[in-house]
Chemist: 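Got a structure here, written out as structure tokens. Questions coming.
Owing to the predicted nature of the structure, the values given are computational and were not obtained by experimental measurement. Only heavy atoms go into these numbers, but all of them, side chains included; no hydrogens, no water, no symmetry mates.
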Amino acid sequence: MQISTRSGPRIIAILGPTNTGKTHLAMERMLAHTTGMIGFPLRLLARENYDRAVAKVGKGAVALITGEERILPKTARYYLCTVEAMPLAKQVDFLGVDEIQMCADPERGHVFTDRLLHARGRSETMFMGAETIRPVIRKLVDNVEFDTRARFSTLTYNGSKKIQRLPAQSAIVTFSAQEVYAVAELVRRQKGGAAVVLGALSPRTRNAQVEMFQNGEVEHLIATDAIGMGLNLDLDHVAFAAMHKYDGKFNRSLSATETAQIAGRAGRHMNNGTFGVTGNLTGIDADIIEQIESHEFEPLSKVFWRNSRLEFRSVDALQKSLRRRSSDPTLILAREPVDEIMLEHLAQNEDVARIASAPDRVQLLWEVCQIPDFRNIHTDTHPRLLTSIYRYLAKPGSRLPIDWLGEQVLRLDRYDGDIDQLSSRLAGIRVWTYVSHKHHWLEDANHWQERTRAIEDKLSDVLHERLTQRFVDRRTSVLLKSLKDKSELMSTITANGEVQVEGEFVGRLEGFRFIADETDAAFEGKAIASAARRALTGEIAQRVKQLETDEDDKFSVNGQLDVLWSGAQVGVLKKGDTVLSPEIHVIDSEFFDGPTRERIRTRLQNFINSHIETRLKMLTRLRDCQLSGPIRGLLFQLNEGLGCVPRSELESLVKDLSDDDRKALAKLGVRLGVETVHVLDALKPDPVELRGILWAVARELDELPQLPPAGRTSVPNDRANSKGFYLAAGYMPVGPLAARVDMLERFAALLRQKARENDGKVRPDPDLLSLLGCTVEQAEGVFTALGWRAEVVKVKKTTLEAKEADKKAGEPAKAEAVAGDAAKAEEAPEKAADADGDAKASDTAVEAAAPAEDAKDETKEAAVEAGASEASSDAAAPVETDADGDELVEVKFFVRVDRRKRGGGGAGRGQRGGPRQEARGGKDGAKGKGGNRPNRGGRGDRGGKPGGRNQSAPAKENKINEDSPFAKLKEMLEAKG
């Protein structure tokens with residue numbers, strides 16, 4: 001049927017594609033009239049145009065009416081509304097309806113059709129929409145003028161692009177919240193961030209997200225088809241990530257007009273736009289592309305309609321009137337809208353059916369059923385809520401209870417949780433915002449409007465923050481804007497090296513290297529690197545100058561073989577020509593050119609040379625002294641060994657040293673020990689650490705192994721460490737231990753002394769253990785490594801006990817004598833520099849007198865207990881006696897088996913007779929003088945004529961200075977018998 005309209009007022013349809021200025025024209029026409037009203041498809045658009053009108057005519061002249069917001073000044077003349085909320089009873093001069101083609105929308109089309117048929121202005125009525133609605137308007141409305149508008153810019157299809165290749169100012173469109181979030185997360189990682197627009201967002205949240213995009217804080221917008229309805233965006237490109245949508249009942253393909261409505265958001269005013277696909281889509285149907293580019297679509301022939309003349313005699317009569325069909329084939333019955341679904345739900349409730357027995361109760365029921373389900377969760381939650389509201393309101397003169405309403409609102413006044421939880425609360429409070437505008441339902445409607453609006457605004461703001469935190473990197477946004485401006489970036493560097501550009505933390509400056517803040521987005525990393533490069537160039541130049549002028553105390557080296565400047569790594573030590581002359585490799589930096597790198601290398605090389613000269617003076621003077629002959633070769637090898645070399649490797653050189661050479665070595669601090677040749681001063685902790693570093697550098701290791709703790713006389717021998725490492729640290733591997741070389745020499749000297757005092761036999765007593773700070777078991781391993789063999793001998797228990805008693809009784813006198821000898825030995829330090837023979841000062845009691853602080857009480861106690869245990873043997877074993885009935889016990893002794901030849905061949909022979917004869921039961925051999933003679937080689941120390949092993953050769957006369965420690969030792973030995 002043709003709907004008749006009055007012929008007087010002007011009715012005009014402004015039709016055309018997007019970006020034709022239709023809405024702008026309607027606003028201008030409305031404000032040209034005394035009064036006016038425009039209905040928009042979205043609350044967001046109503047608010048946007050409300051603000052525009054207020055800016056032109058003032059706040060008191062403009063009203064805003066939506067389902068959830070009402071601003072009604074008493075002097076209002078212009079009304080900006082959502083289509084559903086238009087107060088049609090109010091007469092205005094101008095009336096307009098935007099996006100009138102939505103008459104064909106399955107969900108809301110019947111509302112737009114009703115406005116097309118019945119909404120009129122006194123002077124002028126304007127419908128704005130797509131060209132496709134022309135046949136429907138011509139058929140349903142009389143006396144209509146048509147004005148076709150052309151698009152200001154062109155819209156072109158440009159195919160498929162990967163997300164990472166999308167141009168700036170792009171929108172990616174998909175059709176569910178989950179897909180929007182997934183795409184937004186991908187864009188954040190690859191492109192730095194994105195704004196999101198969904199129909200489920202509150203207008204306030206949606207506006208905040210759009211503003212972020214419009215301001216250039218992000219370059220991409222991820223949206224549903226919500227952007228297709230009149231949002232004015234500065235978009236250059238629209239990319240579809242999906243071409244199917246769920247419309248509430250079916251999952252269907254987008255129509256050509258729907259695709260055009262969304263794609264048409266690209267290009268604003270005179271700027272051309274493009275559209276295409278992305279993600280898993282390969283393209284759009286060619287026919288649809290042609291229709292979009294030419295703006296020619298199949299005209300609409302039908303629109304959705306619902307009867308507006310409702311009957312409220314009963315619920316059944318209301319439902320029948322809603323389902324009444326039109327006789328005009330152009331008007332097809334709307335799909336069952338949400339309000340009708342709610343009516344059916346409530347009508348099945350027995351209490352509701354009983355209450356809704358009168359027309360006013362039925363009309364109230366219908367009004368309650370029109371409360372929007374913003375949560376759209378398709379459960380019985382919304383029907384239950386409507387049932388409760390209806391029950392409270394159905395009582396005569398009743399209002400919603402304040403306590404109950406307060407409880408409902410209070411549950412939603414929370415701001416914790418994730419995006420989904422906040423979105424759910426926001427949808428819930430929007431229901432109560434809608435209810436608060438029903439003045440006849442509430443005692444104090446204004447109070448509840450303010451309260452629900454405050455909660456909705458706060459939830460909207462928090463949701464915007466959560467979306468931004470999840471999908472936008474603020475830092476990247478700031479840096480991108482700054483880089484686009486190409487202005488000088490404001491940068492600061494804190495005392496601990498933190499770099500901030502435009503107030504955003506971007507990384508740390510360590511020395512000359514910029515360490516960017518960790519990010520999983522390549523795009524973000526590029527933005528940070530670009531911003532830092534521009535901001536730090538001047539700072540690096542200033543730091544280079546500072547490094548060149550700083551004193552050496554600002555530099556150091558560490559166990560990772562790094563050269564540090566003010567604690568930051570600036571170089572790495574590399575192998576040089578000699579162990580004491582490493583080279584410097586400067587740490588690479590993107591800010592360096594060739595000359596700058598060489599300036600830094602020169603300064604670091606000067607530092608390391610000075611550092612070695614200062615801390616290893618005892619070694620560099622060996623290198624620099626002008627000596628010749630065997631001593632020169634020995635010093636070279638000692639330098640290469642960083643001040644400590646096994647004696648066996650230098651035996652041939654030591655043998656050829658003259659007395660003058662030995663004195664020269666003593667003045668240089670070189671100790672010729674029995675086990676090692678070492679530099680005494682190089683054993684201090686500070687030189688040891690640097691020696692270890694230089695050893696690791698010379699062997700091209702990545703880092704220095706763990707050095708023994710300072711002050712330890714021995715450590716467990718870790719087989720993973722090489723012998724060279726231990727020697728560089730001042731330790732010598734001996735069996736299960738690595739012993740500090742100076743203490744090892746004292747240990748060896750005391751070991752030889754005890755052998756002389758005990759017929760060539762030695763037990764690991766506390767004196768020995770305390771020198772190395774070791775256990776009995778460890779000491780036995782050291783004995784073995786030094787060439788001693790364990791032998792078990794049966795002795796009388798009484799004899800053993802008597803010897804132990806004599807030993808304890810003589811300890812105070814012995815200690816006093818040793819102390820006196822040590823004092824005298826200190827007067828002639830050069831004599832202590834040579835331990836080549838047993839008659840040298842290194843083999844005297846002076847060497848045996850280790851510092852008391854090196855001894856460990858625990859070790860001594862353990863050794864005493866171990867000795868007692870050996871003497872008593874196994875308590876459970878049967879007692880063994882000799883022929884005289886004296887009890888015998890087994891005692892473990894150690895005897896020397898080999899002096900380990902040291903080049904000359906005779907170094908170890910002089911002592912062989914004693915231990916071996918003792919092992920055979922003899923007594924004379926052990927006391928021969930072979931073991932006490934200097935290690936000079938030859939055969940004279942074997943005694944007697946060839947073959948006469950048991951004959952003693954005449955002792956060589958040795959005159960001993962009466963004031964020397966040797967005279968004291970001789971007196972002690974003679975007194976002991």
Chemist: Give every residue pair that meets the salt bridge (charged side-chain N to carboxylate O under 4.0 Å, His left out) criterion with at least one member in residues 426-442, sequence neighbours excluded.
Modeler: E68-R430, E367-K438
Chemist: Please name the pair of heavy atoms, one in R120 and one in L117, separated by the smallest distance, quoted to 0.1 Å.
Modeler: NH2-O, 3.4 Å
Chemist: Applying salt bridge (charged side-chain N to carboxylate O under 4.0 Å, His left out) as the test, list every pair that has at least one member in residues 339-352; sequence neighbours left out.
Modeler: R306-D339, R306-E340, R323-E340, D351-R354, D351-R391
Chemist: Drop me the distance from W305's CH2 to L140's CG, to the nearest 0.5 angstrom.
Modeler: 11.5 Å
Chemist: For residues S255 and E258, is any side-chain donor paired with an opposing acceptor at under 3.5 Å?
Modeler: yes
Chemist: Show your working on side-chain contact (heavy atoms from CB on, under 4.5 Å) between L254 and K245 and close with a plain yes or no.
Modeler: CA-CA 7 Å; L254 294 178; K245 66 174 289 187; 3.6 Å; yes
Chemist: Is any side-chain N of the basic residue among D416 and R425 closer than 4.0 Å to the acidic one's carboxylate O?
Modeler: yes
Chemist: Quick check on the 6.0 Å ring-centre criterion: do F304 and F112 meet it?
Modeler: no
Chemist: Between the side chain of E185 and the main-chain N/O of A182, is any donor-acceptor distance below 3.5 Å?
Modeler: no
Chemist: Would you please test I71 and Y50 for side-chain contact (heavy atoms from CB on, under 4.5 Å) and show each step?
Modeler: CA-CA 10 Å; I71 302 175; Y50 164 79; 3.6 Å; yes
Chemist: So if I apply the side-chain contact (heavy atoms from CB on, under 4.5 Å) rule between S202 and each of E456, R43, H464, which one comes out positive?
Modeler: E456
Chemist: Do we see a donor-acceptor contact under 3.5 Å between the side chains of T23 and D98?
Modeler: yes
Chemist: Indicate whether any N or O donor in one side chain lies under 3.5 Å from an N or O acceptor in the other, for R204 and N207.
Modeler: no
Chemist: Give a yes or no on whether the backbone of P41 and the side-chain of R108 come within a donor-acceptor separation of less than 3.5 Å.
Modeler: yes
Chemist: Looking only at side-chain N and O atoms, does Q101 offer a donor or acceptor that is under 3.5 Å from a partner on E99?
Modeler: yes
Chemist: Would you call the rings of W404 and Y392 parallel, tilted or perpendicular, taking 30° and 60° as the class edges?
Modeler: tilted
Chemist: What pair of heavy atoms forms the shortest contact from L426 to S460, and how long is it?
Modeler: CD1-OG, 3.5 Å
Chemist: Is it true that T330 and D328 share a donor-acceptor pair across their side chains at a distance under 3.5 Å?
Modeler: yes
